[in-house]
Peer 1: 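Sharing a structure below in structure tokens format, with a few things to ask.
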Amino acid sequence: MQIATWNVNSLAVRLPQLLDWLQANPVDALVLQETKLTDDKFPQAEIEAAGYQVSFHGQKTYNGVALLSRGPQEAVVKNIPGFADEQARVIAATVAGVRVIGGYFPNGQAPGSEKFAYKMAWLDALQAWLRQELAAHPQLVLLGDYNIAPEDRDVYDPVAWAGQIHCTDEERTHFRTLLGLGLVDAFRLFEQPPKSWSWWDYRNLAFRKNQGLRIDHILVSAALQPRVSACVIDKLPRKNERPSDHAPVVVTLKD
DNA sequence: ATGTCGAGGCCACCTCGA
């Protein structure tokens, strides 16, 4: 079984690439972030024609998430229960016995800003909900665009980025708290090439210079960890002539 | 090199967010 995450930065623009990618990578489940589509504009028919069931939760211009799966989805949840939020950032469902939670974590803009405070409140709410989800669903994966680079080795220039958004102590503490709930970073279960990133700024020729951050993550529960056999970042879509700024991340589970 | 994209307003350029 394979489960993947991809911030597509506008599904309207990236739909052809998504369909191409699914043909080459027929994963069992995929969560998308930054679809930037209201639900009435979501390309449900095209995705179903590609052999996937899909749940989605979107809004105009910003954010928006979706969950695609080959098999049926049970107990679909949109956004964090009990956390009033106008921003569409979370979608979850149980797929083939695995609780799949996809998230588009707030960017946070800059430490000290209102958006940073919102990011912290959102992370608090996620953490509280996740405790319950883990108790109810031991086989769980939390994946998406975390907008957090957990360690200095996840940053192309850790000195320049020290204390900057994605790299603050507060964000990294939140990431470690998630691990403390009984989750593990699937990517770090394996030896990986140094300078592995999942996002490169569109500016500054960042991709050509491989100046990026690893901010898209797949965290798996302790009960799921023994099944994890691989976790990779697929840089290929970032080489498209009209790419998203993020690359997909894929985890492989043994049956 | 702050050297890019994408959405949306009410455009044929600007602002915002990332």
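Naming: A, B, ... by sequence-line order, numbering from 1 per chain. Heavy-atom basis, side chains included; hydrogens, waters and symmetry copies ignored.
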Peer 1: Rounded to whole Å, how long is the line connecting atom CG of Asn7(A) with atom C1' of dA7(B)?
Peer 2: 15 Å
Peer 1: Side chain to side chain contact (heavy atoms under 4.5 Å, CB included) between Trp122(A) and Val90(A): does it pass, once the steps are laid out?
Peer 2: CA-CA 11 Å; Trp122(A) 189 93; Val90(A) 171; 3.6 Å; yes
Peer 1: Tell me yes or no: between the side chains of Ser69(A) and Gln73(A), is some donor less than 3.5 Å from an acceptor?
Peer 2: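 Note: Ser69(A) and Gln73(A) side chains meet the donor-acceptor criterion.
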Peer 1: Any side-chain N or O of Ser10(A) less than 4.0 Å from the OP1 or OP2 oxygen of dA7(B)?
Peer 2: yes
Peer 1: Using whole Å, what does the distance between atom C1' of nucleotide dG17(B) and atom CD of Gln33(A) come to?
Peer 2: 17 Å
Peer 1: Assign each of Glu34(A) and Thr61(A) to its nearest nucleotide of DNA chain B by heavy atoms, then name whichever residue's nucleotide is nearer the 5' end.
Peer 2: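 Its nearest nucleotide lies further toward 5', so the answer is Thr61(A).
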Peer 1: I'd like the P distance from dC10(B) over to dT15(B), given in whole Å.
Peer 2: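 It comes out at 14 Å once rounded to the nearest Å.
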Peer 1: Do any side-chain nitrogens or oxygens of Lys115(A) fall under 4.0 Å of OP1 or OP2 in dG17(B)?
Peer 2: yes
Peer 1: Can you check the Trp199(A) CH2 to dG17(B) C1' distance for me, whole Å?
Peer 2: 12 Å
Peer 1: In whole angstrom, give me the gap between the C1' atoms of dC11(B) and dA7(B).
Peer 2: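 Per the computed distance, 13 Å lies between those C1' atoms.
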Peer 1: Nearest whole angstrom, please: distance from the P of dC5(B) to the CZ of Phe207(A).
Peer 2: 13 Å
Peer 1: Starting from C1' on dC16(B), measure out to NZ on Lys36(A) and report it in whole angstrom.
Peer 2: 11 Å
Peer 1: In whole Å, I'd like the distance from the CG atom of Asn107(A) to the P atom of dC16(B).
Peer 2: 16 Å
Peer 1: Does the side chain of Thr35(A) come within less than 4.5 Å of Phe56(A)'s, by heavy atoms?
Peer 2: no
Peer 1: In whole Å, I'd like the distance from the CZ atom of Arg203(A) to the C1' atom of dG6(B).
Peer 2: 13 Å
Peer 1: Can you identify which nucleotide, out of dG17(B), dG8(B), dG6(B), has its nearest atom closest to the Tyr62(A) side chain?
Peer 2: dG17(B)
Peer 1: Kindly determine whether Ile3(A) and Ile218(A) satisfy side chain to side chain contact (heavy atoms under 4.5 Å, CB included), including the steps that lead there.
Peer 2: CA-CA 9 Å; Ile3(A) 306 175; Ile218(A) 301 181; over 6 Å; no
Peer 1: Check every strand shown and say whether Arg208(A) touches a base, only sugar-phosphate, or nothing at a heavy-atom separation below 4.0 Å.
Peer 2: nothing
Peer 1: Report yes if a side-chain nitrogen or oxygen of Asn204(A) is closer than 4.0 Å to either non-bridging phosphate oxygen (OP1 or OP2) of dT2(B); otherwise report no.
Peer 2: yes
Peer 1: At under 4.0 Å, does any side-chain N or O of Arg242(A) touch on OP1 or OP2 of dT4(B)?
Peer 2: no
Peer 1: If the cut-off is 4.0 Å, is Arg14(A) near the phosphate of dG6(B), judged by side-chain N/O to OP1 or OP2?
Peer 2: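 Looking at the OP1 and OP2 atoms of dG6(B), one of them is under 4.0 Å from a side-chain N or O of Arg14(A).
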Peer 1: Going by the side chain to side chain contact (heavy atoms under 4.5 Å, CB included) test, name the single residue among His246(A), Arg89(A), His217(A) that passes it with Asp145(A).
Peer 2: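 Option passing the side chain to side chain contact (heavy atoms under 4.5 Å, CB included) with Asp145(A): His246(A).
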Peer 1: Is any side-chain nitrogen or oxygen of Lys60(A) closer than 4.0 Å to OP1 or OP2 of dG6(B)?
Peer 2: no
Peer 1: Could you give the CG-to-P distance, from Leu11(A) to dA7(B), as a whole number of Å?
Peer 2: 10 Å
Peer 1: Indicate whether the side chain of Tyr62(A) and that of Gln87(A) have a donor and an acceptor atom separated by less than 3.5 Å.
Peer 2: no
Peer 1: Determine the interatomic distance between C1' on dA12(B) and the same-named atom on dA18(B); round to the nearest Å.
Peer 2: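 Result for the C1' pair: 25 Å, nearest Å.
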Peer 1: Using heavy atoms to find the nearest nucleotide of DNA chain B for Tyr202(A) and Asn63(A) separately, return the residue whose nucleotide is more 5′.
Peer 2: Tyr202(A)
